[in-house]
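Beneath this line is the structure, given in structure tokens, with notes to follow.
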Amino acid sequence: MAPSLAAPRFHTALPRRVLLRPQKPLPCWRRAARPDDQDLYVDDDIGDGFSFSGGKYAEAEGPSKSDEWFAQGRMVKAHALYGNKEKAKDPFFGLTMGKGSQSSDDVFSWFCVETGSSSNPTVLLIHGFPSQAYSYRKVLPVLSDKYRSIAFDWLGFGFSDKPQPKYGFDYTLDEYTSALESLIDAVAPDKLSIVVQGYFAPIVVKYANEHQDKLNHLILVNPPITDKHAKLPSTLACFSNFLLGEIFSQDPLRASDKALTSSGPYMMKEEDATVYRRPYLVSGSSGFALNAITRALGKDLKGYIESMRSILASDSWNTKTTICWGMRDRWLTYDGVANFCDGLKHKFVELPMAGHHAQEDRGEELGNIIKRILR
């Protein structure tokens with residue numbers, strides 16, 4: 001059971017309104033987080049300098065989806081900060097950042113949601129970029145009768161810690177690999193299976209290659225495999241642009257709704273979109289982390305993809321591996337994926353109606369596929 005932790009709440013008072021952008025018609029597959037015929041407003045009283053509250057983002061009476069999701073999880077301590085405990089400062093003015101950008105302890109806190117009996121085999125569900133553990137909300141119940149399933153938020157996402165870059169964690173791919181090892185040691189000290197989706201797959205494969213004796217099965221969902229996949233789509237690459245990247249990564253809609261809905265045929269409910277949007281509304285720390293991660297991916301993703309292909313094709317790779325592919329992925333082209341898999345001993349499963357974030361599009365379907373693969 002999760003401990004009794006209070007999730008951060010938005011202000012409920014209606015503030016002076018500031019128009020973000022004019023309303024424009026969207027095609028059905030992009031109509032993710034806008035109620036019909038309404039403008040989007042935010043509070044211009046922005047607290048720590050980057051957070052937003054009230055107006056269109058104010059919560060309705062009673063618990064929100066974010067509150068309900070938070071209540072299902074628990075915080076797990078894993079991976080020590082590097083360096084000293086100096087207070088994080090913003091990169092623009094050198095001012096001390098708010099609480100959300102500060103590391104509260106010597107070890108980071110990760111938000112984890114767990115279902116199923118602890119006596120069952122463990123499955124770790126790892127979300128992609130720039131998503132959250134919430135994306136597995138429809139997968140977890142499907143697995144709960146046979147498996148102990150754990151979904152977590154990476155550092156920089158969801159309810160997990162979001163330290164300011166250069167103050168304990170820099171969001172490099174090497175750091176994420178090391179941090180993943182620490183988390184797995186904390187939540188699954190024995191053998192486990194791993195499901196990972198999207199751009200974090202090369203990090204997980206690097207970890208798995210060094211811990212094959214610990215893995216029962218590895219399932220990769222729409223991982224970047226080919227050389228073409230090394231270039232981030234424009235909706236993600238914009239977060240690393242010089243100057244504009246810092247601005248775009250602080251835009252709650254661009255950082256959550258627009259990014260998620262551009263990757264596949266989503267029709268996300270407003271209540272779900274608010275869960276993804278919330279971290280960017282309550283603090284600027286999520287935006288700074290997003291900017292740093294995107295820069296790291298732009299710098300090192302190509303090398304990590306090449307390493308992943310080499311590992312998966314190696315004779316020394318003995319871990320049972322399955323690649324699942326959402327065929328309506330608008331970020332990663334399907335060209336070359338089947339050819340790569342055909343030459344290997346790994347299983348390949350297509351999801352015709354899923355996009356890049358298959359667990360978001362077709363959660364129950366993906367959950368049943370995972371059960372069939374692992375049984």
Side-chain angles (χ1 to χ4, degrees), residues 121-129 131 136 139 154 172-181 183-184 188 191-233 236 263 293 296-327 329 331-351 354-359 366 369-375:
T122 299
V123 180
L124 190 65
L125 304 172
I126 303 180
H127 71 79
F129 176 72
S131 187
Y136 284 106
V139 177
W154 284 104
T172 66
L173 304 194
D174 287 344
E175 281 181 297
Y176 268 124
T177 304
S178 177
L180 177 63
E181 180 177 0
L183 178 67
I184 290 177
K191 290 181 73 84
L192 77 160
S193 296
I194 295 179
V195 179
V196 57
Q197 181 270 324
Y199 287 101
F200 284 120
I203 292 172
V204 175
V205 171
K206 181 177 180 179
Y207 163 83
N209 187 48
E210 299 170 358
H211 301 84
Q212 290 196 57
D213 58 331
K214 191 177 176 68
L215 267 66
N216 291 319
H217 207 120
L218 177 64
I219 300 176
L220 308 174
V221 183
N222 285 65
I225 290 178
T226 72
D227 289 337
K228 293 180 180 179
H229 296 165
K231 183 178 180 180
L232 293 177
L236 298 182
S263 66
I293 298 166
L297 286 170
K299 178 183 177 182
D300 297 326
L301 181 59
K302 181 178 180 180
Y304 262 71
I305 290 175
E306 292 173 349
S307 175
M308 181 176 70
R309 285 204 307 263
S310 177
I311 290 170
L312 295 177
S314 172
D315 292 336
S316 63
W317 178 255
N318 299 312
T319 301
K320 290 183 288 187
T321 305
T322 301
I323 297 175
C324 299
W325 198 267
M327 300 300 292
D329 191 331
W331 283 354
L332 301 180
T333 176
Y334 182 65
D335 295 342
V337 174
N339 290 338
F340 174 78
C341 296
D342 286 344
L344 304 175
K345 55 187 176 182
H346 312 315
K347 295 180 181 178
F348 184 75
V349 179
E350 295 181 358
L351 285 80
H356 180 72
H357 296 277
Q359 72 273 31
L366 180 61
I369 288 173
I370 293 171
K371 287 180 75 171
R372 291 197 298 269
I373 292 171
L374 298 181
R375 66 186 179 189

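These numbers were taken from a predicted model, which means no experiment stands behind them. Note: hydrogens, waters and symmetry copies are ignored here, and every other heavy atom, side chains too, is used. Each residue takes its place number in the sequence, starting with 1.
Other residues, nucleotides and ligands contribute more than 12 heavy atoms inside 6.0 Å of the NZ atom of K371.
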Determine whether H356 and Y199 satisfy the following criterion, ring pair (Phe, Tyr, Trp, His ring centres under 6.0 Å), listing intermediate values before the conclusion. CA-CA 10 Å; H356 180 72; Y199 287 101; 5.6 Å; yes
Walk me through it: do I126 and W154 pass the test side chain to side chain contact (heavy atoms under 4.5 Å, CB included)? CA-CA 8 Å; I126 303 180; W154 284 104; 3.4 Å; yes
Between D174 and K206, does the side chain to side chain contact (heavy atoms under 4.5 Å, CB included) criterion hold? Intermediate values first, please. CA-CA 9 Å; D174 287 344; K206 181 177 180 179; 3.2 Å; yes
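Closest approach of V221 and A358 over heavy atoms only: CG1-CB, 3.8 Å. The heavy-atom pair separating G198 from P224 by the smallest distance is O-CD, 3.2 Å. Nearest heavy atom pair, residue Y334 against residue E350, reads OH-OE2, 3.0 Å. Taking both residues in full, the closest heavy atoms of N318 and K345 are given as OD1-NZ, 4.3 Å, listed atom of the first, atom of the second, then distance. Shown here for V195 and Y136, the closest heavy-atom pair between the two residues is O-OH, 4.0 Å. For the pair P223 and M308, the tightest heavy-atom approach, listed with the atom from each and the gap, is CB-CE, 4.4 Å.
Within the model, atoms CG of L124 and CG of L192 stand 6.0 Å from one another, a figure rounded to the nearest 0.5 Å. To the nearest 0.5 Å, the span separating CG on L332 from OG1 on T226 amounts to 7.5 Å. Taken from NZ in K231 to OG1 in T333, the straight-line distance is 13.5 Å, to the nearest 0.5 Å. Atom OG of S307 and atom CG of L173 lie 11.0 Å apart (nearest 0.5 Å). Atom OG of S193 and atom CG of L125 lie 10.5 Å apart (nearest 0.5 Å). Between the CD1 atom in I305 and the CG atom in D300 there is a gap of 11.0 Å [rounded to 0.5 Å].
Contact annotation: the side chain of F129 never approaches that of L301 to less than 4.5 Å [non-hydrogen atoms, C-beta and beyond]. For the pair L215 and Y207, the minimum side-chain heavy-atom distance is below 4.5 Å. With contacts defined as side-chain heavy-atom distances shorter than 4.5 Å, the pair I219/L374 qualifies. Looking at L236 and W331, their side chains come closer than 4.5 Å, going by heavy atoms from C-beta outward. When side chains are defined from C-beta on, I194 does not count as touching K214, because their heavy atoms never get closer than 4.5 Å. The shortest side-chain heavy-atom distance between L312 and I225 does not fall under the 4.5 Å cut-off. For the pair T177/E181, no side-chain contact is recorded, criterion being any heavy-atom separation below 4.5 Å from C-beta on. At least one side-chain heavy atom of V337 sits under 4.5 Å from a side-chain heavy atom of H229.
In this structure, the side chain of K320 does not engage the main chain of I373 through any donor-acceptor pair within 3.5 Å. A distance-only check finds no donor-acceptor pair linking the side chain of S316 to the backbone of S314 [under 3.5 Å].
Partner of T322 under the side chain to side chain donor-acceptor pair (under 3.5 Å) criterion, chosen from H217, H346, R372: H217.
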